[in-house]
Chemist: 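One structure, as structure tokens, below. Some questions next.
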Amino acid sequence: MTVYPINFFDDVSSFFKEIELKVEIALDKAPNTYYLPELSLFVQCYSLKDFKEAKTHSDAETWQKDYLQLTSGTIEFIRIWEDIWYLHSSWIKQYFTHRKQKSASIFARDLRAVDIHKEIADQFLEKEHLLGKVQAKKFIGLVVPPHRQFRNISSEYIVGDQKLVGVAAFAKPMIMKEAKLEGQLSGELIRFCSILGTRIVGGLSKVLLHYQQDEKVNNIMTYIDLEWNRGKGYQSIGFQEVQLTQPILYNLNDQGERVVCRTWEEATVCTAGNKKLRIYFPEN
């Protein structure tokens, strides 16, 4: 088991105090769970030791049900694993700092959706998304066109003479074999994010429309990480929940990175599973 040098829970708590976020201990929820009233947000710190203990009296299915029960009735709930904190602490700290400062809104009407190269998408995702870059077939960027530059939207990422503020990554479209959807062409949204500290109002809808018009897909599916997202934003624009996936099991390599493993018994970390969503488009 990977051993980290300092107390995980104290490290997270100290960071919240450093950025002057009020922290309340939410003992009624679970051990090592904080409530941040300013953000209406619960944050659970989950250590490798916690998981090792949980495995002794649970299985993957029960463990997932316990998590869903824990988060039910909350407005927003995030679980931060010990390994993720130490591997991606810079991103997580920026995320909470921006949450405290309130995200700046960018409106999709001021942007244009364009295809972009993998190189600029990788650069963007590595810095702006918790999980970084991803293998994908198609990358779409949300850029500020020249006639909207007067909005003074800032970005360090440039596509031609346009500022890049959001990126979506899609897998290769596939012909479906699923009952009642046989023969339909389905796309998969793998990543979508904006610059940390910004929220693109209408951005996801704009990206999906661009993709659907290019690829002529009948539907698009995506997975929502239950430990960081409820998927409400996706469902508000027409995505429907179709499945709750099982937890993904991992071991940690010598660099502290997650490597998929097969069995609950050998796993040292895992996810709470994903919510699979799909949006359907009318027949052309």
Side-chain angles (χ1 to χ4, degrees), residues 1-13 15 26-27 29-34 41-72 74 76-93 95-96 125-126 129-136 169 171 188-191 193 221-231 241-277:
M1 178 184 292
T2 303
V3 178
Y4 295 104
I6 55 179
N7 188 292
F8 166 45
F9 313 111
D10 289 347
D11 200 19
V12 176
S13 179
F15 166 68
L27 293 177
K29 277 293 172 187
N32 304 311
T33 300
Y34 306 123
L41 169 65
F42 288 93
V43 177
Q44 183 189 35
C45 298
Y46 206 78
S47 71
L48 304 185
K49 183 179 178 181
D50 288 336
F51 184 58
K52 185 177 181 180
E53 170 63 24
K55 285 172 55 183
T56 64
H57 53 78
S58 187
D59 56 27
E61 182 179 356
T62 303
W63 189 82
Q64 182 184 57
K65 288 180 179 178
D66 288 344
Y67 179 77
L68 295 175
Q69 178 62 37
L70 174 65
T71 60
S72 66
T74 61
E76 191 176 4
F77 193 106
I78 289 174
R79 171 179 278 170
I80 302 176
W81 282 79
E82 185 176 10
D83 64 302
I84 296 296
W85 172 259
Y86 287 109
L87 199 61
H88 301 288
S89 60
S90 176
W91 187 94
I92 296 171
K93 288 178 177 181
Y95 171 84
F96 282 105
L125 292 171
E126 275 293 286
H129 195 283
L130 174 62
L131 300 180
K133 64 184 179 181
V134 66
Q135 291 298 317
E188 179 183 351
L189 173 63
I190 309 173
R191 291 273 195 279
C193 77
M221 58 81 65
T222 194
Y223 292 100
I224 300 298
D225 181 351
L226 290 173
E227 294 179 333
W228 281 83
N229 201 325
R230 299 289 178 85
E241 182 176 349
V242 295
Q243 185 184 357
L244 188 65
T245 69
Q246 296 179 345
I248 303 173
L249 310 176
Y250 298 97
N251 280 320
L252 299 179
N253 64 19
D254 292 340
Q255 289 72 47
E257 300 167 331
R258 295 186 172 194
V259 180
V260 174
C261 65
R262 293 187 176 184
T263 68
W264 176 251
E265 289 71 27
E266 66 180 309
T268 52
V269 294
C270 76
T271 70
N274 295 299
K275 187 183 288 187
K276 183 178 179 180
L277 306 177

Chemist: Taking atom OG1 of T222 and atom NZ of K276, what is their separation to the nearest 0.5 Å?
Modeler: 10.5 Å

Chemist: Please examine the side chains of L277 and M221, heavy atoms only from C-beta on, and report whether any two atoms are closer than 4.5 Å.
Modeler: no

Chemist: How many angstroms lie between atom CG of N274 and atom CD of E227, to the nearest 0.5 angstrom?
Modeler: 9.0 Å

Chemist: L131 vs R191, test: side chain to side chain contact (heavy atoms under 4.5 Å, CB included). Steps then yes/no.
Modeler: CA-CA 9 Å; L131 300 180; R191 291 273 195 279; 3.3 Å; yes

Chemist: Would you kindly say whether D10 and S13 are connected by a side-chain donor-acceptor distance under 3.5 Å?
Modeler: no

Chemist: The test is side chain to side chain contact (heavy atoms under 4.5 Å, CB included); show your working for L252 and L48 and say whether it passes.
Modeler: CA-CA 10 Å; L252 299 179; L48 304 185; 4.0 Å; yes

Chemist: Only one of L244, T245, T271 passes side-chain contact (heavy atoms from CB on, under 4.5 Å) with Q64; say which it is.
Modeler: L244

Chemist: Considering residues, nucleotides and ligands other than E266, do more than 12 of their heavy atoms fall under 6.0 Å from its CD?
Modeler: yes

Chemist: Can you check whether L68's main-chain N or O pairs, donor with acceptor, with T71's side chain at less than 3.5 Å?
Modeler: yes

Chemist: Ignoring hydrogens, what is the shortest heavy-atom contact between A169 and A136? Give both atom names and the distance.
Modeler: CB-CB, 3.8 Å

Chemist: To the nearest 0.5 Å, what is the distance between CZ on R262 and CG on N251?
Modeler: 12.5 Å

Chemist: Could you state the interatomic distance from CZ (R230) to OG1 (T74), rounded to the nearest 0.5 Å?
Modeler: 3.5 Å

Chemist: Within the structure provided, determine whether D11 and Y86 are in side-chain contact (heavy-atom separation under 4.5 Å).
Modeler: yes

Chemist: Please walk me through it: do F51 and D83 pass side chain to side chain contact (heavy atoms under 4.5 Å, CB included)?
Modeler: CA-CA 12 Å; F51 184 58; D83 64 302; over 6 Å; no

Chemist: Can you name the closest pair of heavy atoms from W81 and S47 and give their distance?
Modeler: CZ3-O, 4.5 Å

Chemist: Can you confirm whether C270 sits close enough to W63 that some side-chain heavy atom of one is under 4.5 Å from a side-chain heavy atom of the other?
Modeler: yes

Chemist: Would you please indicate if the ring centroids of Y95 and W228 are separated by under 6.0 Å?
Modeler: yes

Chemist: For T33 and Q44, work out which heavy atoms get closest and say how close.
Modeler: OG1-CG, 3.4 Å

Chemist: May I ask you to decide if the ring planes of F42 and F77 are parallel, tilted or perpendicular, using 30° and 60° as cut-offs?
Modeler: parallel

Chemist: Other residues, nucleotides and ligands only: do more than 12 of their heavy atoms fall within 6.0 Å of NZ on K133?
Modeler: no

Chemist: Indicate yes or no: at least one non-hydrogen side-chain atom of F9 is less than 4.5 angstrom from one of Y34.
Modeler: yes

Chemist: Quick check for you: to the nearest 0.5 Å, what is the distance between I78 atom CD1 and L226 atom CG?
Modeler: 12.5 Å

Chemist: Going through the checks in order, is the side chain to side chain contact (heavy atoms under 4.5 Å, CB included) test met by R79 and L70?
Modeler: CA-CA 11 Å; R79 171 179 278 170; L70 174 65; 4.3 Å; yes

Chemist: Looking only at heavy atoms, what is the nearest atom pair of D50 and C45, with distance?
Modeler: OD2-O, 3.8 Å

Chemist: Work out which heavy atom in G231 is nearest to a heavy atom in N229; give both atom names and the distance.
Modeler: N-OD1, 2.7 Å

Chemist: Mind listing the closest non-hydrogen atom pair of F96 and F15 along with its distance?
Modeler: CB-CE2, 3.8 Å

Chemist: Within a reach of under 6.0 Å around CD of Q255, are more than 12 heavy atoms found that belong to other residues, nucleotides or ligands?
Modeler: yes

Chemist: Measure the spacing between CG of L249 and CD of E265 and express it to the nearest 0.5 Å.
Modeler: 9.0 Å

Chemist: Please determine whether a side-chain nitrogen of the Lys or Arg among K65 and E61 lies less than 4.0 Å from a carboxylate oxygen of the Asp or Glu.
Modeler: yes

Chemist: Is the CD atom of E257 crowded by more than 12 outside heavy atoms at less than 6.0 Å?
Modeler: yes

